[in-house]
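Have a look at the structure below, then the notes.
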Amino acid sequence: MKGYDRLGPELARRLGAGRIRVNEPLAAHTSFGIGGPADLLAEPVTAKELGALLQFSRERSMPHVAIGMGTNLLVRDGGFRGLVIKMTGFRALIVCRPREGGDRLRVGAGVALSAIAERAAELGLTGIEFAGGIPGSLGGAVVMNAGAYGGEIAQVVEECLVVEGDGSSRRLAGPALGFAYRSSAIGEGQIVVEALLRLTPACPEEIRRRMRDYRLQRERSQPLGEKSAGSAFRRPPGQYAGTLIEAAGMKGTRVGDAEVSTQHAGFIINRGRATAADVLALMERVWQAVQERSGVQLEPEIRIIGDDVPP
Ligand SMILES: Cc1cc2nc3c(=O)[nH]c(=O)nc-3n(C[C@H](O)[C@H](O)[C@H](O)COP(=O)(O)OP(=O)(O)OC[C@H]3O[C@@H](n4cnc5c(N)ncnc54)[C@H](O)[C@@H]3O)c2cc1C
């Protein structure tokens, strides 16, 4: 054993063997279906377990990273040296009592955005319809300030509970969340545990109609049946990355099994056996082509973690 995988048995004794995996292929935890192994992967379901994991990492100076549903993530082929904390076990969705404001939902980091949008529609609450077709979790959406169709998570997050690397927890609200286009001030060492969403009562039929419209638009424009991590590049101010990539003649370009989607040039898809190296090489080619054609320097939107080569 070369990495932190040697700590697997000890961590499993502390947390319960069912919650710890050793040398776990991260391809299985990302929508790209790409990525080498994590030395250790843990799936806590309570704040106490999360605290124990962070304490364990700290005592051993072991790097850690939190992930949600892995839908905005490219893991390099060598995998991750340290502990990956998968937060999808934090599944609470609580409708707050009227004295706290009947239009608020307290939602665990692991809840799927589609489930939140569905529950809000049932309750006749508007504000989160835009997220119904985004395939990630609430935690990932807060970190990324996920958005679509004119909406973004920043518009509905009232406050957010994060745990720091030292195990202490903090409530972040307002400017401390630092929301900007597809980003937030939540740093690498911080883990989102839950968020309080503020929604507005509205006509349930209207809410359902909007969700249907958004779903149809998404189905028409995005390669939903393919393995991808959504838009590979951020939208440059006043422009669309997909349009620039198409104008640069890159639609359908391939490196290995990584391909610029012919349906939506903003998406890179894994046609089967793409490696992270293929995706990164293709992103580099796209970047060059767009820079030469339009002078715009694209920036990645997908988050990239891990090492190029195994230990
Ligand atoms: C087909 C498709 C369509 C998409 N459409 C959209 C879209 O319309 N709009 C949009 O904004 N995005 C879109 N995405 C991207 C993605 O779904 C969103 O960014 C989503 O919010 C990511 O959530 P996740 O749980 O998958 O996060 P992950 O991919 O697991 O993680 C993303 C980042 O957040 C961090 N993270 C995740 N959870 C936590 C946590 N609990 N605490 C701290 N850090 C955490 C990770 O370390 C990583 O840096 C799309 C993706 C796909 C595959």
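Atoms within each ligand, like the ligands themselves, are counted from 1 in listed order.
Of the listed residues (Gly230, Gly110, Ala141), the one carrying the non-hydrogen atom nearest atom 52 (C) of ligand 1 is Gly230. Here atom 28 (P) of ligand 1 lies nearest to Gly70 when heavy atoms of Gly140, Gly70, Ser31 are compared. In this structure, of His264, Arg218, Glu301, the residue bringing a heavy atom nearest to atom 5 (N) of ligand 1 is Arg218. Nearest to atom 11 (O) of ligand 1 by heavy-atom distance, out of Ala109, Gly147, Ala66, is Gly147.
For a threshold of 3.5 Å applied to N or O pairs, the pair formed by Ser228 and ligand 1 contains no separation below that value. Inclusion of Gln190 in the set of residues having an N or O under 3.5 Å from an N or O of ligand 1 is not warranted. An N or O contact shorter than 3.5 Å links Met69 to ligand 1 by distance. Where the criterion is an N or O separation shorter than 3.5 Å, residue side chain and backbone included, Val192 meets it with respect to ligand 1.
Taking Tyr149 as the reference, Tyr214 meet the ring pair (Phe, Tyr, Trp, His ring centres under 6.0 Å) condition, with sequence neighbours excluded. Applying the ring pair (Phe, Tyr, Trp, His ring centres under 6.0 Å) criterion to Phe267, with sequence neighbours excluded, gives His264.
Taking the charged nitrogens against the carboxylate oxygens, Arg209 and Glu206 do have a contact shorter than 4.0 Å, which makes a salt bridge. Ion pairing of Arg119 with Glu122 is present here, as a side-chain N (NZ or NE/NH1/NH2) and a carboxylate O approach within less than 4.0 Å.
Atom 15 (C) of ligand 1 has as its closest protein heavy atom Asn72 OD1, 3.4 Å.
The shortest side-chain heavy-atom distance between Thr88 and Met69 falls under the 4.5 Å cut-off.
Proximity to Met87 (heavy-atom distance under 4.0 Å) selects the following atoms of ligand 1: 41 (N).
For the pair Glu188 and ligand 1, no heavy-atom separation below 4.0 Å is found.
Within 6.0 Å of CZ in Arg273 there are 12 or fewer heavy atoms belonging to other residues, nucleotides or ligands.
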